[in-house]
Amino acid sequence: MGKNRGRIRAVGVGVSVVLLVAGAAACGNDDKDDKKDTAKAGSTAVASAAPTSKGPEAFSAAGYRGLKPAMAKDAGLATGALETAPVSLLDGCTDFVYKGGPAPDKTRMDAEAATEARYKDLNAKADAARGKSPAPAGTLPPGASAKDAAAAAAGSAAAAKDSAATAQLMADATQSIVDMWTARETRDKAFLATGRASFAASGLRELVAPAEAKTAEGIGVGSTVDDLQRAYGAKGLQLAKSGKYELPVEGQQGWKYEFTVDGGKVAGMAVANRDIKCT
């Protein structure tokens, strides 16, 4: 009987040991699972904190919203970045605004067309007149009659009249040039904040940035002249006769950044090649 009790006690101890070991293993597995869950949760938190976008696109001569220098008009419209109705046809170029931009202003466009037509007409006439110089009245020969004198006088009066008409034509032609510059400035101001793309027959020649755009250096509407100098002073930034600050585009002959400044701050910016003619 004593031996049996000893055996029972031994078995009981063995069972307890087995249970303790099993419990420890289970706890160990639970700890591992908890660590895995914690690590998984941590990685999920890191993933959610990671940036999901590259931020706003920088305005650049290399391209903006899919539009690139010298790109054909049809290719530019195919990007979907532009409205399809032209907002200006001045100088023979075709201008479009970005999606959501202002609708075409018929009154302004009609005024542009009339100004350009007058400019072309008057300057064609002025060019023709420059090739015609009125013949001098000449000097009457000795013994000329009264009839000869009357004819000479009439010739002088006609020459004077022609000269006056030519002078007026030249003045009108000069004024038409001023009117064309005014029309261009009016158009440029109309889209200084909204932006536009201007296409010549050979392709994109000017890209005006919308107000929210910034360059890779952080320059945009509201930047100061000091900001401009810090960003581009060492790269060739210069104040042009037009009053704009210009910066040549490296590796793109003829292309320049243009910064319109008002009150010491950037009011608009563009990238353009003025060597490309509209027609």
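Just so it is clear, the structure is predicted and the values come from calculations on it, not from any experiment. We count residues from 1, following the sequence as given.
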Once the angle between the rings of Tyr232 and Tyr257 is folded into 0 to 90°, is it parallel (under 30°), tilted (30 to 60°) or perpendicular (over 60°)?
-> parallel
Criterion salt bridge (Lys or Arg N to Asp or Glu O under 4.0 Å) on Asp226 and Arg230, from CA distance to verdict = CA-CA 6 Å; Asp226 288 341; Arg230 280 192 291 269; 5.0 Å; no
What's the shortest heavy-atom distance between Ile276 and Ser202, and which atoms?
-> CG2-OG, 3.4 Å
Is there a donor-acceptor contact under 3.5 Å from the side chain of Asp105 to the main chain of Thr107?
-> yes
Check ion pair Lys235-Glu217 (N to O, under 4.0 angstrom) = yes
Whichever hydrophobic residues join Val87 through chains of side-chain contacts under 4.5 Å | Val97, Phe191
Kindly determine whether Asp110 and Lys106 satisfy salt bridge (Lys or Arg N to Asp or Glu O under 4.0 Å), including the steps that lead there.
-> CA-CA 6 Å; Asp110 287 347; Lys106 186 176 184 304; 2.7 Å; yes
So Glu83 and Phe96, side-chain contact (heavy atoms from CB on, under 4.5 Å) or not? Walk me through it.
-> CA-CA 6 Å; Glu83 295 289 351; Phe96 302 91; 5.7 Å; no
Should the pair Arg65 and Tyr98 be classed as cation-pi, given the thresholds of under 6.0 Å to the six-membered ring centre and 45° from the axis?
-> yes
Are any side-chain N or O atoms of Asp227 and backbone N or O atoms of Thr224, one a donor and one an acceptor, separated by less than 3.5 Å?
-> yes
In Å, rounded to the nearest 0.5 Å, how long is the span from CZ of Arg196 to OG of Ser88?
-> 7.0 Å
Pair Asp179, Thr115: side-chain N/O donor-acceptor within cut-off below 3.5 Å | no
Given a cutoff of under 4.5 Å between side-chain heavy atoms of I, L, V, M, F, W and Y, with clusters grown through shared members, what are the other residues clustered with Tyr119?
-> Leu90, Ile177, Met180, Trp181
Residue of the set Leu207, Asp275, Leu247, Val271 for which side-chain contact (heavy atoms from CB on, under 4.5 Å) holds with Trp255 | Val271
